[in-house]
Amino acid sequence: MTHTRSSGTNWSGNHRYRAAETLLPADFDELSAAVTGATSLRVQATRHTFNDIGDTDATLLSLEGMPVRIEIDGDRVRVEGLVTFAQLAPVLEAEGRALHNLGSLPHISVAGAAATGTHGSGTANGNLPSAVTALEIMDADGHTHHIDRDHAWFPAAALGLGAFGVVTAVELRTVPTYSVTAEAYTGVAWDDIVADPRRLFASARSVSVFTTWGDPAHDLVWIKSTDADAEPGYVTDLGGRPIGDDLHLGRIRTVGNTTERGTPGPWHTRLPHFRAEALPSDGDEIQSEYFVPLDAATEALAAVRAVASTIDPVLLVTELRTVAADDLWLSPAYQRDVLAIHFTWRNDNAGVAQVLPTVEAALAPFDVRPHWGKAFTMPGETIRATLPHAADFVAAARDADPRGVFRNAFLSRTLGL
Ligand SMILES: Cc1cc2nc3c(=O)[nH]c(=O)nc-3n(C[C@H](O)[C@H](O)[C@H](O)COP(=O)(O)OP(=O)(O)OC[C@H]3O[C@@H](n4cnc5c(N)ncnc54)[C@H](O)[C@@H]3O)c2cc1C
């Protein structure tokens with residue numbers, strides 16, 4: 001008999017899952033039985049999203065009881081089951097391989113990150129699903145589909161919001177391992193950050209700017225460098241000084257949970273902000289993130305700064321990053337390099353819901369798209385208007401799931417699925 005556990009809440013506790021229990025199949029037979037018996041089903045992975053994207057009031061299911069496999073073959077790695085980046089990265093590193101990028105924390109699952117378009121930073125780095133080369137997905141009849149780049153569903157399913165079925169395995173492109181040195185700088189004036197954002201964000205492999213939109217003492221530029229950096233001295237030319245031990249991310253004091261700075265180390269020990277063995281970020285928080293074309297960065301940042309006093313009471317910190325263009329239909333970076341404007345908020349659903357429309361209105365002139373896994377209030381038709389292939393995504397998802405078993409309120413609200 002398939003085990004269950006309480007479905008609980010997401011990581012930050014701002015969303016309680018509606019179904020009381022989560023099914024924990026132990027093998028493919030139990031998974032197939034659970035899927036074929038369901039009228040509505042969503043998968044819970046590591047639950048680091050901040051909205052109802054992964055929820056349903058019917059059947060929730062986790063792969064945490066299923067076997068995990070990591071198989072490296074040339075420049076590809078295939079991961080099966082609930083595999084996190086923290087599990088995957090050291091296995092790749094031991095074989096001299098790496099991923100092109102990582103998000104700010106390694107605690108999240110490969111399948112969950114791909115499903116929501118999770119990204120790190122770097123003007124030349126696509127988001128994490130841009131490295132997906134194939135997926136294995138179990139449909140509502142228990143059949144498994146191998147969806148590679150030649151498959152008609154691929155540009156939809158690789159960043160698929162869980163709408164295509166249960167992703168049982170993901171294949172990713174890897175690159176030769178590389179070394180990264182991180183350093184965090186204070187003392188860079190906001191006017192210099194916004195004067196030429198493209199140059200600052202392209203100066204190193206990964207650049208993050210932290211700000212609270214007004215107090216320069218909170219501004220920080222965290223750079224992850226490699227030998228191939230375009231302009232290694234640019235941040236110091238702008239007056240940046242290494243911050244030393246007193247690292248803070250806006251109003252978040254770090255507690256020995258951040259990755260090492262000042263010395264070179266393997267990619268996976270430096271690219272995330274947070275160490276695999278520690279609690280990331282603040283924990284007691286909600287996150288939102290909006291993507292605008294990088295070419296509009298200066299104007300978009302001025303628009304948010306103009307509403308800074310409205311958002312200040314609920315803001316812990318903003319992080320600015322860049323993501324390279326890709327060809328995935330629902331990607332916020334679909335066919336455009338983007339600036340990602342992230343907000344870590346106090347863990348106050350009502351307070352956050354009150355300020356989000358202000359941020360969204362400020363960014364509306366810039367063809368803004370939201371992060372699928374974070375809190376937003378933009379209406380579905382506004383989001384769909386920014387995504388040229390939204391209707392193609394819906395058609396592909398209906399083709400893959402004609403009975404609508406993997407649809408939920410979030411997909412209905414945002415995509416009309
Ligand atoms: C502290 C913190 C830092 C973060 N940093 C970043 C960051 O740097 N960059 C960024 O872009 N985001 C970031 N996020 C957001 C988050 O990492 C992503 O949104 C990601 O989706 C979370 O992955 P998960 O495994 O926890 O997914 P979950 O929340 O468990 O699931 C996400 C969605 O994917 C679906 N899903 C998951 N697995 C499967 C599967 N096997 N089959 C079918 N559907 C599936 C779920 O149903 C759900 O709809 C951060 C979040 C936190 C809490």
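Whatever order the structure lists ligands and atoms in, that order sets their numbers, starting from 1.
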Among all the protein's non-hydrogen atoms, which is closest to [atom], and how far away is it?
{"atom": "atom 36 (N) of ligand 1", "result": "Val43 O, 4.1 Å"}
{"atom": "atom 3 (C) of ligand 1", "result": "Leu105 CD2, 3.3 Å"}
{"atom": "atom 14 (N) of ligand 1", "result": "Lys374 CE, 3.8 Å"}
{"atom": "atom 28 (P) of ligand 1", "result": "Arg47 N, 3.6 Å"}
{"atom": "atom 53 (C) of ligand 1", "result": "Trp11 CE3, 3.2 Å"}
{"atom": "atom 27 (O) of ligand 1", "result": "Gly112 CA, 3.7 Å"}
{"atom": "atom 44 (N) of ligand 1", "result": "Gly162 CA, 3.7 Å"}
{"atom": "atom 48 (C) of ligand 1", "result": "Gly54 CA, 3.6 Å"}

Q: Sort out for me which residue in Thr118, Asn127, Thr116 forms a side-chain contact (heavy atoms from CB on, under 4.5 Å) with Leu159.
A: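 Among Thr118, Asn127, Thr116, the one that satisfies the side-chain contact (heavy atoms from CB on, under 4.5 Å) with Leu159 is Asn127.
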How many angstroms lie between [atom1] in [X] and [atom2] in [Y], if you round to the nearest 0.5 Å?
{"X": "Ile72", "Y": "Leu92", "atom1": "CD1", "atom2": "CG", "value": "4.5 Å"}
{"X": "Leu161", "Y": "Arg407", "atom1": "CG", "atom2": "CZ", "value": "13.5 Å"}
{"X": "Glu319", "Y": "Leu220", "atom1": "CD", "atom2": "CG", "value": "9.5 Å"}

Considering [options] one by one, which has a heavy atom nearer to [atom] than any of the others?
{"atom": "atom 43 (C) of ligand 1", "options": "Gly120, Gly165, Ala115", "answer": "Gly165"}
{"atom": "atom 11 (O) of ligand 1", "options": "Arg42, His371, His107", "answer": "His371"}
{"atom": "atom 2 (C) of ligand 1", "options": "Glu319, Gln287, His48", "answer": "Gln287"}

Tell me which part of [X] gets within contact of ligand 1: side chain, backbone, both or neither, using heavy atoms under 4.0 Å.
{"X": "Phe50", "value": "side chain"}
{"X": "Thr116", "value": "side chain"}
{"X": "Thr49", "value": "both"}
{"X": "Ala45", "value": "both"}
{"X": "Arg321", "value": "side chain"}

Taking distance alone, with N or O pairs closer than 3.5 Å, would you say [X] contacts ligand 1?
{"X": "His119", "value": "yes"}
{"X": "Ser109", "value": "yes"}
{"X": "Ala111", "value": "no"}
{"X": "Val167", "value": "yes"}

Nearest non-hydrogen partners of [X] and [Y], listed with the distance:
{"X": "Val209", "Y": "Leu200", "result": "CG2-CD2, 4.0 Å"}
{"X": "Tyr17", "Y": "Thr9", "result": "CE1-C, 3.6 Å"}
{"X": "Phe50", "Y": "Ala375", "result": "CB-N, 4.1 Å"}
{"X": "Ser121", "Y": "Asn101", "result": "O-ND2, 2.8 Å"}

Show which atoms of ligand 1 fall inside a sub-4.0 Å distance from at least one heavy-atom site of [X].
{"X": "Ile53", "result": "49 (O)"}
{"X": "Thr46", "result": "24 (P), 25 (O), 26 (O), 30 (O)"}
{"X": "Val166", "result": "42 (N)"}
{"X": "Gly103", "result": "8 (O)"}

Q: Answer whether the closest heavy-atom distance between the side chains of Gln287 and Phe343 falls below 4.5 Å.
A: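 Of all side-chain heavy-atom pairs linking Phe343 with Gln287, none is under 4.5 Å.
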**Q.** Leu31 side chain reached by Met138 side chain, heavy atoms, under 4.5 Å
**A.**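 Heavy-atom side-chain distance check passes, below 4.5 Å.
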Q. Any chance the rings of His107 and Trp11 have centres within less than 6.0 Å?
A.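 Centroid distance His107-Trp11: not below 6.0 Å, so no.
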Q.
On the six-membered ring of Trp222, is Lys224 placed so that its NZ or CZ lies under 6.0 angstrom from the centre and within 45° of the ring axis?
A.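 Because its charged atom sits under 6.0 Å from the ring centre and within 45° of the axis, Lys224 does stack over Trp222.
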Q. Looking at Arg336 and Asp367, does any basic side-chain N land under 4.0 Å from a carboxylate oxygen?
A.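 Result for this pair is yes, salt bridge flagged.
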(Q) Any carboxylate oxygen within less than 4.0 angstrom of a Lys/Arg side-chain nitrogen, looking at Arg251 and Asp312? (A)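 Salt bridge: yes.
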(Q) Quick one, Arg5 with Glu64, criterion salt bridge (charged side-chain N to carboxylate O under 4.0 Å, His left out). Give me CA distance, side-chain angles, the key distance, then yes/no. (A) CA-CA 11 Å; Arg5 63 158 164 74; Glu64 66 199 53; 2.9 Å; yes
Q.
I'd like to know if Gly160 contacts ligand 1, where contact means a heavy-atom distance under 4.0 Å to any ligand atom.
A.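 Gly160 does not count as a contact of ligand 1 under the 4.0 Å cut-off.
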